[in-house]
J.: 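This is the structure I have questions about; it appears just below.
Below, read A as the first sequence line, B as the second, and so on, with proteins coming before strands; counting in each chain starts at 1.
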Amino acid sequence: MPNRLRFAPSPTGALHIGGIRTALYNFLLARQKGGQFILRIEDTDQNRFVPGAEAYIIRSLEWLGLQMDEGPVSGGLYGPYKQSERLLMYKDYATKLIDEGKAYYAWDTAEDLEAKRQSVQDHSFKYDASVRTHMKNSLSLSGEEVKTNLEADLPYTIRLKVEPGQSIIIQDKVRGEVVFDSTELDDKVLFKSDGFPTYHLANVVDDHLMDISDVIRGEEWLPSTAHHVLLYRAFGWEDTMPTFSHLPLILKPNGNGKLSKRDGQKFGFPVFPLAWPSDNPAESIEGFDSYGFEPEAVVNFLALLGWNPGTEQEIFSLEELIANFDPEKIHKAGARFDFDKALWFNQQYVHKLEFSDAEERLRTQGQALGFDLNAGDLVGAFRLLQPRVSLLKEIMPLAYYFFTDSIEFDNEEINKKWKPEVAPVLEKVADALQNVEPFNFDVAGAAAKEMINSSGVKMGLVMPMLRAALTGTMQGPDVFAIAEVLGREKTIQRFRDFAKR
RNA sequence: GGCCCCUUCGUCUAUCGGUUAGGACAGCAGAUUUUCAUUCUGCAGAGAGGGGUUCGAUUCCCCUAGGGGCUACCA
């Protein structure tokens, strides 16, 4: 039996990183076991449907490199992969349960139920064995009434008939044994009056029909897993029921509650993989992509947020994650989202980038900044600045002095350190560099330093001014590393110009 | 309120009865870098509380406390 894992989001908007991590873990186990990774769209809530969300989910998985074996785009033998396109079968399965006395029709309206809830003091109203005989359903009504209601096409829901007094034991891969008492469970709605199934029905039916072997999902599903087990039993599918792994939640940075979609704006960092543009700027949201993250870094960060192989390795490629992943090593407690750590992971990946991986993006960014990229050495600039940033997009703004000769000087800082006796030294350094061969970090650097030493002016006064001459700022890479990238001509010119300022 | 889950440095975590409780991020200090960043080294920093079980508990059990989730014709 191959391992078949599904990621089953509902298209209600952008997918946040909690969902991404769930997808990732499903993907990792599928790949590790040589099974399939399946995307299934759970669009059974018409009210919360958001146009574009499905495409967003697919683009997100692609961006992260989580290739799907089956899904709405790639298709597959178990399709369709959108629940809205599977509506007929849910009804059949629900009806089958009714025929077998394991579910029933209910005609209580939303208003009826709301009134019931209001009438009971605390939150204790539960549609279960103790009250269902007092409600309007095919168990409490006479056969005649039921027939009449059905023939009149009265809107109904179908509810699972939960038998009280049995204990339901779940073997969860991350939590071990979890026990529920069916007396505590309500008669869950399986089929809604709008003709759509609820998550509970659709999820169980589809997981069964799609031969899903392992369910990895968020902890918020743990309480309803008991109902799902009951459903597998009712259908007679318990022997092929998937394994369950309930993931700890990703919590807000301050620890109060689970991370939610609004937290990105609130805390000032992305909580979505991809940006979600909107005509209304207030509704546009940033993504890890637009923030400048490398997808590999996001994957690495998320993989380790709640899972750890037990070694001290921190950096994992997707292949290494696949090889090492183990659901039983998933941490049980919720994990706070730590953006600093995410940035650190990204820094590790940016520092490892080859120029060829970065070139296209650097060019695009340089052009957006209005740089004349032909005027300077892009590779040289990249090599110099790469170790100094956490995000690739931070490089080009720092690199402007490689691509223009009109340097903007940070006069406030420069003037603090400027001494008039430095000016002639700059000229002399320029002279000294005129004929050094080759013009590089070592040779030009040595020649310049020798000149400065013989000038009698302190090195500590001159060096910062050399950098200022070249870059306009008091900080940055080594002066002669910059000089080498800039080339002899520009270096000398900038030293001379600066001496005259 | 009820049900369920969880609880090791500020944060993410390792430890599957015996460890000076390890690592990473962040913090602090130092070295390198005549700058800044990187890098390197070091410092500081944790088993929620109380009962058991055991020769021995961070580890197993119970209670309490705290946190979280669920409690919809949402997923």
J.: Quick one: what's the B/S/- string for nucleotides 60-69 of chain B, heavy-atom cutoff under 4.0 Å, read 5' to 3'?
T.: --------SB

J.: Below 3.5 Å is the cut-off: list the nitrogen or oxygen pairs between protein and nucleotides 40-44 of chain B, distance only.
T.:
none

J.: Once side chain to side chain donor-acceptor pair (under 3.5 Å) is applied, do any residues pair with A/E54, and if so which ones, sequence neighbours excluded?
T.: A/K82

J.: With sequence neighbours excluded, give me every ring-ring contact (aromatic ring centres under 6.0 Å, His included) pair touching residues 169-205 of chain A.
T.: A/Y199-A/W221, A/Y199-A/H228, A/H200-A/H228

J.: Would you mind writing out the side-chain donor-acceptor pairs for residues 417-425 of chain A within the sub-3.5 Å range, not counting sequence neighbours?
T.:
none

J.: In whole angstrom, give me the gap between the C1' atoms of B/U19 and B/U64.
T.: 30 Å

J.: In chain order, what residues pass the salt bridge (charged side-chain N to carboxylate O under 4.0 Å, His left out) check against A/K341, with sequence neighbours excluded?
T.: none

J.: Can you find a side chain N or O atom of A/T44 that sits less than 4.0 Å from OP1 or OP2 on B/A75?
T.: yes

J.: Identify, with sequence neighbours excluded, every residue that meets side chain to side chain donor-acceptor pair (under 3.5 Å) alongside A/N26.
T.: none

J.: What pairs with A/F339 under ring pair (Phe, Tyr, Trp, His ring centres under 6.0 Å), at least two apart in sequence or on another chain?
T.: A/F269, A/Y291, A/F293

J.: If I take atom CD in residue A/E314 and atom P in nucleotide B/A14, what distance separates them, rounded to the nearest angstrom?
T.: 12 Å

J.: Within residues 154-164 of chain A, find the residues that approach RNA chain B with a heavy atom at under 4.0 Å, and present them sorted by residue number.
T.: A/T157, A/R159

J.: Between the base of B/A24 and the side chain of A/K341, is there a donor-acceptor distance below 3.5 Å?
T.: yes

J.: What residues form a side chain to side chain donor-acceptor pair (under 3.5 Å) with A/N346, not counting sequence neighbours?
T.: none

J.: Let me see the working for A/D207 and A/R40 under salt bridge (charged side-chain N to carboxylate O under 4.0 Å, His left out), right down to the final yes or no.
T.: CA-CA 10 Å; A/D207 282 350; A/R40 186 173 73 219; 2.8 Å; yes

J.: Using salt bridge (charged side-chain N to carboxylate O under 4.0 Å, His left out) as the criterion, list what pairs up with A/R262, not counting sequence neighbours.
T.: none

J.: Excluding sequence neighbours, so at least two apart, what forms side chain to side chain donor-acceptor pair (under 3.5 Å) with A/Y25?
T.: none

J.: Check if the side chain of A/R48 and the base of B/C74 share a donor-acceptor pair of N or O atoms closer than 3.5 Å.
T.: yes

